[in-house]
Number of protein chains: 2
Amino acid sequence: MTADQSHHRAELSLGDWQAQLRAKGYRLTPQRELVLKVVQQLGHATPDEVLAAVREESQAVNQSTVYRTLELLEELGLVRHAHLTDRAPTYHSTTNPTHAHLVCRECGRVSELPADALDPLTGLLKTDHGFEPDLGHLTIFGHCAGCA
Amino acid sequence: MTADQSHHRAELSLGDWQAQLRAKGYRLTPQRELVLKVVQQLGHATPDEVLAAVREESQAVNQSTVYRTLELLEELGLVRHAHLTDRAPTYHSTTNPTHAHLVCRECGRVSELPADALDPLTGLLKTDHGFEPDLGHLTIFGHCAGCA
DNA sequence: GTTAATGCAAAAACTTTGCAAACCT
DNA sequence: AGGTTTGCAAAGTTTTTGCATTAAC
């Protein structure tokens, strides 16, 4: 197994993230824990949905804090965002392996495509264009089997 | 040559579009001609940039009209949009063959990837997931050769 | 003359910012 | 205590909408 094979795993183990936070001079707050928790629970969620979920969790958290926290969590590699619609971005936890998204324009269904499945694409882009794709951000629109 | 090989060409020949417009009950207006012209000239442009360019062309066109016109032109298959940043979409003419976009996060450079180059991906998605991707809307973020 | 398209202005959707108060370490 | 984070409210950015007027057919 080459070192390169590790590129599909989550970037931080869960136990580490609080230490990582502090190592960068950041502080651990209830808001940050909560936002991370709801993103993990919701799967794919817009900032707006994260806000709503956080508020149902019985604590009031401000809108700005949600935006600022999502940005921070993304910097730490704990969450990622993708554009599943032409509107607001959706965030998801990185505890699942890196994946691209397939979105059906007809039924709106979103499915996850493991990064492994895209290895041929990665190879092609690297070889022919010297380009290193960020598959975790990739969203492919089209029509799914049911809506063909 | 199979019929399928034609899927990379522009959807409408330039001579036809005015007829297509009328066939759907739409009307040919100077604004629509102008917006289409500047999109063709600009290459990739946000609605805002289209508006600015249109206004330099010595005619005043309203913001709303630009949005409504881009939507219409896209419905007719004369333009397409892609998301080259996390902000506004960019529109481009379909007189060029269908292509995906490669965007470098470091230097911001955008390059076009012919749909042909993605045939392996298309095949894989179709075979393994029954999914028909819309490559003209696809944007792949990552790092280019120079910024590796 | 009809009906579609435009301009305008207001609102909607989404995100960011400045600053004082509150909280983490 | 000291510096980071939050809440709040206001403003910024981008897009949409309703309706009277204008223009295409």
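The structure displayed is predicted, hence computed values, not measured ones. Chain A is the first sequence line, chain B the second, and so forth, proteins listed ahead of strands; every chain is numbered from 1.
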Enquirer: If you define the side chain from C-beta out and look only at heavy atoms, does anything of B:Gln41 sit under 4.5 Å from B:Lys37?
Expert: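 Contact flag for B:Gln41/B:Lys37 side chains = yes.
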Enquirer: Rounded off to whole Å, could you give me the CZ-to-C1' distance for the B:Arg68 and D:dC19 pair?
Expert: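 Spelled out: CZ on B:Arg68 to C1' on D:dC19 is 11 Å.
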Enquirer: Report yes if a side-chain nitrogen or oxygen of A:Arg27 is closer than 4.0 Å to either non-bridging phosphate oxygen (OP1 or OP2) of D:dG3; otherwise report no.
Expert: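 So the side-chain polar atoms of A:Arg27 never come under 4.0 Å of the phosphate oxygens OP1 or OP2 of D:dG3.
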Enquirer: What integer distance in Å separates A:Tyr26:OH from D:dT6:P?
Expert: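 The distance from OH of A:Tyr26 to P of D:dT6 comes to 12 Å, rounded to the nearest Å.
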Enquirer: Could you tell me if the ring centre of B:His101 sits under 6.0 Å from that of B:His92?
Expert: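 Here the rings of B:His92 and B:His101 have centres that are less than 6.0 Å from each other.
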Enquirer: Between atom CD in A:Glu33 and atom C1' in D:dT5, what is the gap in whole Å?
Expert: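 Distance check: A:Glu33 CD to D:dT5 C1' gives 14 Å.
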Enquirer: Hey, what do you get for CG (A:Leu36) to CD (A:Glu33), rounding to the nearest 0.5 Å?
Expert: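 A:Leu36 atom CG to A:Glu33 atom CD measures 8.5 Å (nearest 0.5 Å).
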Enquirer: I'd like to know whether A:Glu75 forms a side-chain hydrogen bond (donor to acceptor under 3.5 Å, both in side chains) with A:Tyr26, so could you lay out the CA-CA distance, the side-chain angles of the two residues, the decisive distance to 0.1 Å, and finally the verdict.
Expert: CA-CA 12 Å; A:Glu75 181 195 330; A:Tyr26 298 131; 3.1 Å; yes
Enquirer: Base, sugar-phosphate, or nothing for B:Thr46, non-hydrogen atoms under 4.0 angstrom?
Expert: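 Since no nucleic acid heavy atom lies under 4.0 Å of B:Thr46, the category is nothing.
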Enquirer: Nearest whole Å is fine: how far is D:dT15 P from A:Asp86 CG?
Expert: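 Checked: the CG to P distance equals 10 Å.
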Enquirer: Would you mind telling me which residue lines up with the more 5' stretch of DNA chain D, A:Gln31 or B:Arg22, judged by nearest nucleotide?
Expert: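 Looking at the nearest nucleotide for each, A:Gln31 comes out on the 5' side.
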Enquirer: Does B:Ser64 or B:Arg87 map to a spot on DNA chain C nearer the 5' end, using the closest nucleotide for each?
Expert: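 Closest to the 5' end, via its nearest nucleotide, is B:Ser64.
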Enquirer: Could you tell me whether B:Asp134 and B:Arg80 make a salt bridge, using a distance below 4.0 angstrom between a side-chain N and a carboxylate O?
Expert: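 Yes.
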Enquirer: What range of DNA chain C does chain A touch, first nucleotide to last, counting atoms under 4.0 Å from its heavy atoms?
Expert: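 Listed 5' to 3', the contact boundaries are C:dA13 to C:dT25.
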Enquirer: Between C1' on D:dT6 and CZ on A:Arg32, what's the gap in Å once rounded to a whole number?
Expert: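 One finds 9 Å between C1' of D:dT6 and CZ of A:Arg32, rounded.
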Enquirer: Using whole Å, report how far CD of A:Glu75 lies from P of D:dT5.
Expert: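 Result: 10 Å.
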Enquirer: Give B:Gln63 one of three labels, base, sugar-phosphate or nothing, depending on what nucleic acid heavy atoms sit under 4.0 Å from its own.
Expert: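 Touches a base.
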Enquirer: Do the side chain of B:Glu49 and the main chain of B:Thr46 share a donor and acceptor less than 3.5 angstrom apart?
Expert: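 Yes: the side chain of B:Glu49 pairs with the backbone of B:Thr46.
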Enquirer: Can you measure B:Leu21 atom CG to D:dC25 atom C1' for me and round it to whole angstrom units?
Expert: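 These atoms are roughly 12 Å apart.
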Enquirer: Ignoring hydrogens and geometry beyond distance, is the side chain of A:Thr29 in donor-acceptor contact with the base of D:dT4 at under 3.5 Å?
Expert: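 Between D:dT4 and A:Thr29, which were checked side chain against base, a qualifying N/O pair under 3.5 Å is absent.
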Enquirer: Strictly below 4.0 Å: does B:Tyr67 bring a side-chain N or O up to OP1 or OP2 of D:dT16?
Expert: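 Checking D:dT16 against B:Tyr67, no side-chain N or O comes under 4.0 Å of OP1 or OP2.
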Enquirer: Would you mind telling me which of D:dT15, D:dT6, D:dC19 lies closest to the side-chain atoms of A:Thr69?
Expert: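 The closest nucleotide is D:dT6.
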Enquirer: Return whichever of B:Ala60 or B:Gly25 has its heavy-atom-nearest nucleotide of DNA chain C closer to the 5' end.
Expert: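 Whichever sits nearer the 5' end wins; that is B:Gly25.
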Enquirer: Please report the interatomic distance CG(B:Leu72) to OG1(B:Thr29), rounded to the nearest 0.5 Å.
Expert: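 The OG1 atom of B:Thr29 is 8.5 Å from CG of B:Leu72, to the nearest 0.5 Å.
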